[in-house]
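Structure, as structure tokens:
Owing to the predicted nature of the structure, the values given are computational and were not obtained by experimental measurement. So you know, we letter chains A, B, ... as the sequences are listed, proteins then strands, and number each from 1. All values below come from the heavy atoms of this structure, side chains included, with hydrogens, waters and symmetry mates left out.
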2 protein chains.
Amino acid sequence: MKASIKDVALRSGVSVSTVSRTLSKPNLVLPETRDTVLAAARALDYHASRSAASLKSGQTMRIALLSGSAASTWFNANAFAGLDSVLHDAGYDTSIFTMANVEKRREFFDQMPVLRNADAVVVNSFDIDSREAVRLKAVNVPIIGLNVPSNVGFDAAVSIDDRRAMRMAVDHLAAIGHRRIAYVYTKADDSTGMRFSAETRLQGFMQACATHEGMRPEQIAIDTDADAVNAVLGYLDATAPAPTALCLQSDGIALPVLFRLRQYGRDIPRDLSVIGFDDVPLAKAVGLTTLGQDPYALGRAAAVRTLAAINGTPHEPRFATQPVRLMLRETTAVPHTGR
Amino acid sequence: MKASIKDVALRSGVSVSTVSRTLSKPNLVLPETRDTVLAAARALDYHASRSAASLKSGQTMRIALLSGSAASTWFNANAFAGLDSVLHDAGYDTSIFTMANVEKRREFFDQMPVLRNADAVVVNSFDIDSREAVRLKAVNVPIIGLNVPSNVGFDAAVSIDDRRAMRMAVDHLAAIGHRRIAYVYTKADDSTGMRFSAETRLQGFMQACATHEGMRPEQIAIDTDADAVNAVLGYLDATAPAPTALCLQSDGIALPVLFRLRQYGRDIPRDLSVIGFDDVPLAKAVGLTTLGQDPYALGRAAAVRTLAAINGTPHEPRFATQPVRLMLRETTAVPHTGR
DNA sequence: TTGTATGCGTTATCAC
DNA sequence: GTGATAACGCATACAA
């Protein structure tokens, strides 16, 4: 078995309390004893048992992360990495609860497995209902939102402004002369209520269009990302006059659409402007104009607020909105007059 | 404060040991008392303190994940999701240690913060040296490899066969008549020894080429993914005769190259065949021929072996190689004779 | 089948 | 500034 605090005490000729003190608040002990203890600890490769420390201190040193979607998506992977980059260094482990479907979700809020086993819970990208918020409150730890549609029920939250982002896209297209813009989005085939971001973008798109004289917004709904290309191609062929610009819910669907359209002879942006959402690395590489967000930074911001909330010293502003930037590249241009 | 085991005992009129027993091995208690206890537990929203349980049992219920690269890459995000999907359900938290650079790496192996604080450590995508292996052994828990170049020092490991994958690519190209193939790869600008996969692929490519009569392999080294397009374009223009096929280290660089080459007028696959590595979602969407791997499954396989090793009942085979599949799509074809 | 007693490795409260 | 000592909440050996 490995060294415990007792072994360190023995080896350095002091009591366990002194060892503990040396490790947690070194300035309360004599420099010389501090050196002795530290030397012994290093020699023995001593590390405090996190379980024991947690039990005594009452801190679980665990953060529960509730996620509405798989951890492997571009957004989530980056957001989680951002979260973990500050949480891990602060000594916290992150426990991910993926609410892939309604059953999992109900089960979680029914059982509340995090009760007494987390120092905070961060909710990622889904819309908790009021009943769930109440259950969560019972855990009696800070609740932090990461990309949530509403701040009610949260001690802190940081999200992006989907609505404003869509306005930037529409304003840009309108400014260069577009009046017929089609929005491409995935249909809400699930009733899990975990795709509010998609819904908000659609709303934002429509609202932004309404502010422009003569704007004629259109919608192309697709079942899954994989269907995007065919759906768009079909729509373009069947619609006259065809839209002069495409606004797509994410780069994940914008990229293949852009790719295939060009391959099939469309001149983008001359015949058709295309604008995505996310700014994944590939978007930059291929010159896709898109709305850029930074999920890694979002995760870090959420983590900072989480730690602050645990400490009881709220990080201000408690509720923040991360800006989305319009990344002007090569796929939007003045619409071709077709003469 | 929330309910502890005592509260449950009080409410159900039994001793704490009976409560503990009911929760861990329900078949050792009378059905009626079991029901009573369970009811009380549910009513009080009781969940055992993981810290206390860990302290007593000696199990930390934590897995340390050592990673040589950021958690947000496509491979890592999926591999980690796969790992967590089985580890989390088994009650384990995963603590990620990202060894972004040599200092972090040295610091980790110097300090060994996981000592007494993990039930297993899984090493992701980097090549631990013998000194590090020794240090790791001192933790006295199973060491599992996830995509590691060598199995020595590991209790179990699961990886992909980069060499065999490259052979499939080269064989395919050779079979349809290619003799001048250029391999595009990122240079080892770091000395962290964490990109063995890239190196192995290059070696595999060269070795595979050597088995084909008249094959003339070439290499295009790039600094970063972002430089790939220019480097390839430059190479193609400067080299005569130009290669008839491109083999790229990853889809992340293959996709933009494919995209830009087509945009600049190259007819792919007529003028040039292109083959990537990974099979990211976009590769399928745009028809990129590539070598497909499944990091999510890889993660799950590693997790299964991790749990088995902890239980002392090794999962056989302890060392496994996940197959890579050649995804034949639209970017490879018989080389154009140029007449 | 159930209850009692003990200890897991810390930290915190006190004396000293 | 340092050292005894008492919890923290649970799981288990043993007694009943």
Side-chain angles (χ1 to χ4, degrees), chain A residues 1-38 40-41 44-62 91 93 113-119 139-140, chain B residues 1-38 40-41 44-62 91 113-119 139-141:
Chain A
M1 230 22 209
K2 294 300 132 197
S4 86
I5 197 171
K6 259 186 199 150
D7 303 310
V8 181
L10 244 53
R11 187 184 230 269
S12 48
V14 299
S15 71
V16 290
S17 355
T18 300
V19 176
S20 176
R21 223 176 279 122
T22 306
L23 266 27
S24 50
K25 17 193 95 107
N27 42 341
L28 289 190
V29 345
L30 231 44
E32 49 194 74
T33 64
R34 181 169 55 74
D35 293 347
T36 322
V37 171
L38 256 30
L44 295 171
D45 267 334
Y46 169 74
H47 287 276
S49 154
R50 308 195 72 197
S51 305
S54 288
L55 177 58
K56 186 56 191 153
S57 69
Q59 301 261 57
T60 70
M61 299 312 280
R62 256 181 285 249
D93 282 343
V114 294
L115 220 39
R116 297 207 312 156
N117 282 309
D119 294 335
V139 183
N140 231 13
Chain B
M1 229 23 208
K2 294 299 130 196
S4 87
I5 197 172
K6 258 187 201 151
D7 303 308
V8 181
L10 245 53
R11 188 185 230 267
S12 48
V14 299
S15 70
V16 291
S17 33
T18 300
V19 175
S20 175
R21 230 177 274 122
T22 306
L23 266 29
S24 50
K25 15 191 97 105
N27 43 341
L28 290 189
V29 347
L30 231 44
E32 49 194 71
T33 65
R34 181 169 54 74
D35 293 345
T36 321
V37 170
L38 256 32
L44 295 171
D45 267 334
Y46 170 75
H47 287 276
S49 154
R50 309 194 71 197
S51 306
S54 288
L55 178 57
K56 184 61 186 142
S57 69
Q59 301 261 57
T60 69
M61 299 312 281
R62 256 180 286 249
V114 294
L115 219 41
R116 296 206 312 155
N117 283 309
D119 295 334
V139 184
N140 231 14
V141 297

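- The phosphate of D/dC8 has neither OP1 nor OP2 within less than 4.0 Å of any side-chain N or O from A/Arg116.
- Applying the 4.0 Å criterion to OP1 and OP2 of C/dG3, one finds that B/Ser15 has a side-chain N or O inside that range.
- Look at CG on A/Asp7: it is 9 Å from P on C/dG9, rounded to the nearest Å.
- In this structure, B/Lys25 places its NZ atom 8 Å from P of D/dA13, rounding to the nearest Å.
- Between A/Ile5 atom CD1 and D/dG3 atom C1' the separation is 13 Å, expressed in whole Å.
- Using a distance-only test at 3.5 Å, with no hydrogens or angles considered, no donor-acceptor pair links the side chain of A/Arg34 to the main chain of A/Asn27.
- OP1 or OP2 of C/dT2 has not a single side-chain nitrogen or oxygen of B/Thr18 nearer than 4.0 Å.
- Residue side chain A/Lys56 reaches the base of D/dA7 through a donor-acceptor N/O pair under 3.5 Å, judged by distance alone.
- Atom CG in B/Leu44 sits roughly 15 Å away from atom C1' in D/dG9 (whole-Å rounding).
- You'll find a donor-acceptor pair under 3.5 Å spanning the side chain of B/Ser17 and the base of C/dT4, going by distance alone.
- Contact between the side-chain N/O atoms of B/Tyr46 and the OP1/OP2 oxygens of D/dC10 is found at a separation under 4.0 Å.
- Counting any heavy atom pair closer than 4.0 Å across all strands shown, A/Ser20 reaches a base atom.
- As judged by a 4.0 angstrom heavy-atom cut-off over every strand, B/Val19 is placed among residues making no nucleic acid contact.
- Note on B/Leu30: only backbone sugar-phosphate atoms sit closer than 4.0 angstrom, heavy atoms only; bases stay farther off.
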Margin query: Set out, in order, the CA-CA distance, both residues' side-chain angles and the distance that settles side-chain hydrogen bond (donor to acceptor under 3.5 Å, both in side chains) for B/Thr60 and B/Asn117, then state yes or no.
Written below: CA-CA 6 Å; B/Thr60 69; B/Asn117 283 309; over 6 Å; no
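- Taking atom CG on B/Leu115 and atom P on C/dG9, their separation rounds to 14 Å, with Å as the unit.
- Listed nucleotides D/dA11, C/dG3, C/dT11 differ in distance to A/Ala53; the shortest reach to its side chain belongs to C/dT11.
- Within the 3.5 Å criterion, the main-chain N or O of A/Val29 finds no donor-acceptor partner in the side chain of A/Arg21.
- Put simply, NE2 on A/His47 is 16 Å from C1' on C/dG9, counting in whole angstrom units.
- Across all strands, B/Val16 comes closer than 4.0 Å to no nucleic acid atom at all (heavy-atom distances).
- Distance CG (A/Leu23) to P (C/dA12): 13 Å, rounded to an integer number of Å.
- Using a 4.0 Å heavy-atom cutoff across all strands shown, B/Thr33 reaches sugar-phosphate atoms only and no base atom.
- Taking atom NZ of B/Lys6 as the reference point, atom P of D/dC10 lies 9 Å away to the nearest angstrom.
- Both B/Leu28 and B/Ser57 lie near DNA chain C, and the one whose nearest nucleotide falls closer to the 5' end is B/Leu28.
- When all heavy atoms of B/Asp7 and B/Ser4 are compared, the closest pair comes out as OD2-N, 2.7 Å.
- For B/Arg21 against C/dG3, a side-chain-to-base donor-acceptor contact under 3.5 Å is present.
- Residues B/Ile5 and B/Val16 share a closest heavy-atom pair of CD1-O, 3.7 Å.
- Among the atoms of the strands shown, none is found under 4.0 Å from any heavy atom of B/Ser24.
- With respect to A/Ser12, the side chain to side chain contact (heavy atoms under 4.5 Å, CB included) criterion is satisfied by exactly one of A/Leu44, A/Thr36, A/Thr18: A/Thr36.
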